[in-house]
Number of protein chains: 2
Amino acid sequence: MESRHLRYALALAEHQHFGRAAASLGISQPPLSAQIAAVEREIGERLFDRTPRGVFPTAAGVAFLARARRALCEMTAAAVEASRAARGETGRLRMGFIGSALLDPLPGVLGRFRRTLPDVRLDLREMSSPESAAALVAGELDVAVSRGAPRGAGVEGLVTVPIGADHLVAVVGVGHPFAGRAEIRLEQLAAERLIVAAPEQEPAVAAHLRGLFGVDATALDTATLSRDIHTITGLAACAVGVGLGPSRMRLASRKDIWFCDVAPRLRLPDLQLSFRAADDSPVLAAFLDVVRANCAEVGSRLDGVLAGRRARSSEPAPDRG
Amino acid sequence: MESRHLRYALALAEHQHFGRAAASLGISQPPLSAQIAAVEREIGERLFDRTPRGVFPTAAGVAFLARARRALCEMTAAAVEASRAARGETGRLRMGFIGSALLDPLPGVLGRFRRTLPDVRLDLREMSSPESAAALVAGELDVAVSRGAPRGAGVEGLVTVPIGADHLVAVVGVGHPFAGRAEIRLEQLAAERLIVAAPEQEPAVAAHLRGLFGVDATALDTATLSRDIHTITGLAACAVGVGLGPSRMRLASRKDIWFCDVAPRLRLPDLQLSFRAADDSPVLAAFLDVVRANCAEVGSRLDGVLAGRRARSSEPAPDRG
DNA sequence: CGCACGCGATATCTTCAGAGTATGGAGTCG
DNA sequence: CGACTCCATACTCTGAAGATATCGCGTGCG
């Protein structure tokens, strides 16, 4: 049984006439008769009643035609779905991200992704930077947004591009002496009770801060550790101390807190977008297109990385287009 | 796109190896390569990654294969369903019947039908004999069980076989003088208040009774008219009068009624099974097979009728078996 | 480091199924 | 009763699928 037989049977059922059905198929009448006869011989049942008033499906024909229609629909859908999958319009993208990324780059990127590729299932999982790096290497994620480039085993197989810079800012409750001041000096922080991200959550930030404070890191050793930005601002609002975090923390502003720049301006490890270099998934490619379209400066960085990948992957099939 | 392409792609996905997939398909490797290449060219996307460690579907291939599997399932199902439909194992049978048929022939016939052809939808509608005849002619029913052969326009297109004989019996409440008597004479009934089927429900019976009672039909003119057998027995139990009905009414026995044979034994119009002579539906044929298997005496009557039909319908395709 | 092997792609030939043309036969209608 | 319509049959032909032989390439083992 070939799909041609299904098409021919459907055309015959539609036109109820061998000659016209054959014409609609672009063939002459005898081959159509032969093919229909072949199907009937294969199934062992007559599918059409040839009457002087037209050709009508038998009970067997009705049952056959119903399935034939569905089969042909599946076949065309196979081609369409394959094409869409190749363009990354269907499928799944598993993304790990740190909570602070939800404040700045992710809303725009994810919104655009949803709009341009509505049929891609987005699996979003908030996780710490070390967790996302491990999950990416293990193949449990397709893309990760972390702070600082991934560390650990297998990261050489990852491509990483910076997607957001931050400098250190302080946050205090509105009752704190710092409230109302545009900036404070780093030295002033050493005397304060600090609130910072937990090292196991953001080791890159923790190490960076320790470097900034130098040998006199007692302030850090007695700091209150927080899981995420919202805990830092919340604790600052409770006057537990002075929160320290990335500048995008300002986007999580509240009425009861005040942000101060820290002088000198101290750059934190960048937000990084990572994915497996060997991952040629079209969904990932489509996602990277969205990222590139959304942030121009990231785009140029990505282009450099992707140029190499695309050149390599297009070599085996240069005649594809 | 041909179903062959789907089969080849599925085999390749299964074996992850061109050579072995080709062998499993009974062809050599080069044609398989060519066919896979043809599909990929038609869709415009690579469906398989040829790696030194095996052949694996791309994202497009995964989407394609999923649909391909379904399409092939539908195709085989088309053949199977057509075959089943031709044998009358699927489809629908619309039957009209009079209530009294539910007492005797229908339980056995319908039970066997359900058992042997569980996937045929049975549409059962109780209706009077004239109604079922009209519905049969109009194509709203496939088969009818009525009392007496159908009358009216279009009945010449129907085939009718008797499927049950009845004689007239009387039914009375247990308090009635007739109670306990095995039989009573027809003349004795003329003096009783009678309960009979309404003429519009069963005109054949009504006409027959009028013939039996002859010119002195005043008893019938003043009779209580009932819609069905259960109303007759129910009214008899209430001592409203003497019920008259077909002998299969005995099967609707109750503690509070008594049945008497009527002497002389008066045969009522037979229960008749009717269907359109032009109806070559396999479901109808399968149903008639069940009827034949269920009642031997009906079978022989049916055989005579069906022999002619089958000879005619098999002429155009004598080589079918 | 090189050779051999495995595997997919390519080239060329062959075959057969499907398509075309011509015609036959059955049924219908004027 | 003849002409017409329509499907089936007979026969030829073409093209696509398949077979055989071979190439190119990458891998892995010696």
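A, B, ... follow the sequence lines: proteins, then strands. Residue 1 opens every chain.
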Touch class at under 4.0 angstrom, heavy-atom based, for A:Gly54 against every strand present: nothing

Whole angstrom value for the distance that separates C1' of D:dT9 from CD1 of A:Ile36: 17 Å

Whole-Å gap separating C1' (D:dT27) and NE2 (B:His17): 14 Å

Integer-rounded Å distance: C:dG27 C1' and A:Arg53 CZ: 10 Å

N/O (side chain, B:Arg50) to phosphate O (OP1/OP2, C:dC7) under 4.0 Å: no

Residue whose nearest DNA chain C nucleotide is more 5′ - A:Pro52 or A:Gln35: A:Gln35

Nucleotide of C:dA9, D:dT20, C:dT21 approaching B:Phe18 most closely (side-chain heavy atoms): C:dA9

Candidates D:dG18, C:dG8, C:dC7 - which lies nearest the side chain of B:Arg20: C:dC7

Between C:dT10 (P) and B:Leu32 (CG): distance, integer Å: 14 Å

Sugar-phosphate, base or nothing in reach of A:Tyr8, heavy atoms under 4.0 Å: sugar-phosphate

Pair A:Ser24-A:Arg20, side-chain donor/acceptor within less than 3.5 Å: no

Non-hydrogen side-chain atoms of A:Arg276 and A:Leu158 separated by less than 4.5 Å: yes

Interatomic distance, A:Arg41 CZ vs C:dA17 P [rounded to whole Å]: 11 Å

N/O (side chain, A:Ser33) to phosphate O (OP1/OP2, D:dA8) under 4.0 Å: yes

Separation of D:dG15 C1' from B:Glu2 CD (nearest whole Å): 14 Å

Protein-nucleotide distance (B:His5, atom NE2; D:dA17, atom C1'), rounded to Å: 9 Å

Nearest-angstrom distance from the residue atom CZ of A:Arg46 to P of D:dC7: 12 Å

Minimum heavy-atom distance between A:Ala135 and A:Met127, given as atom pair plus value: CB-SD, 4.5 Å

Criterion side-chain contact (heavy atoms from CB on, under 4.5 Å) on B:Phe56 and B:Gln16, from CA distance to verdict: CA-CA 6 Å; B:Phe56 304 100; B:Gln16 305 184 338; 3.5 Å; yes

Ring centre gap for B:Phe287 and B:Phe113 strictly below 6.0 Å: yes

Given C:dG18, C:dA9, D:dT20, the nucleotide with the shortest approach to the side chain of A:Arg4: C:dG18

Sugar-phosphate, base or nothing in reach of A:Gln29, heavy atoms under 4.0 Å: base

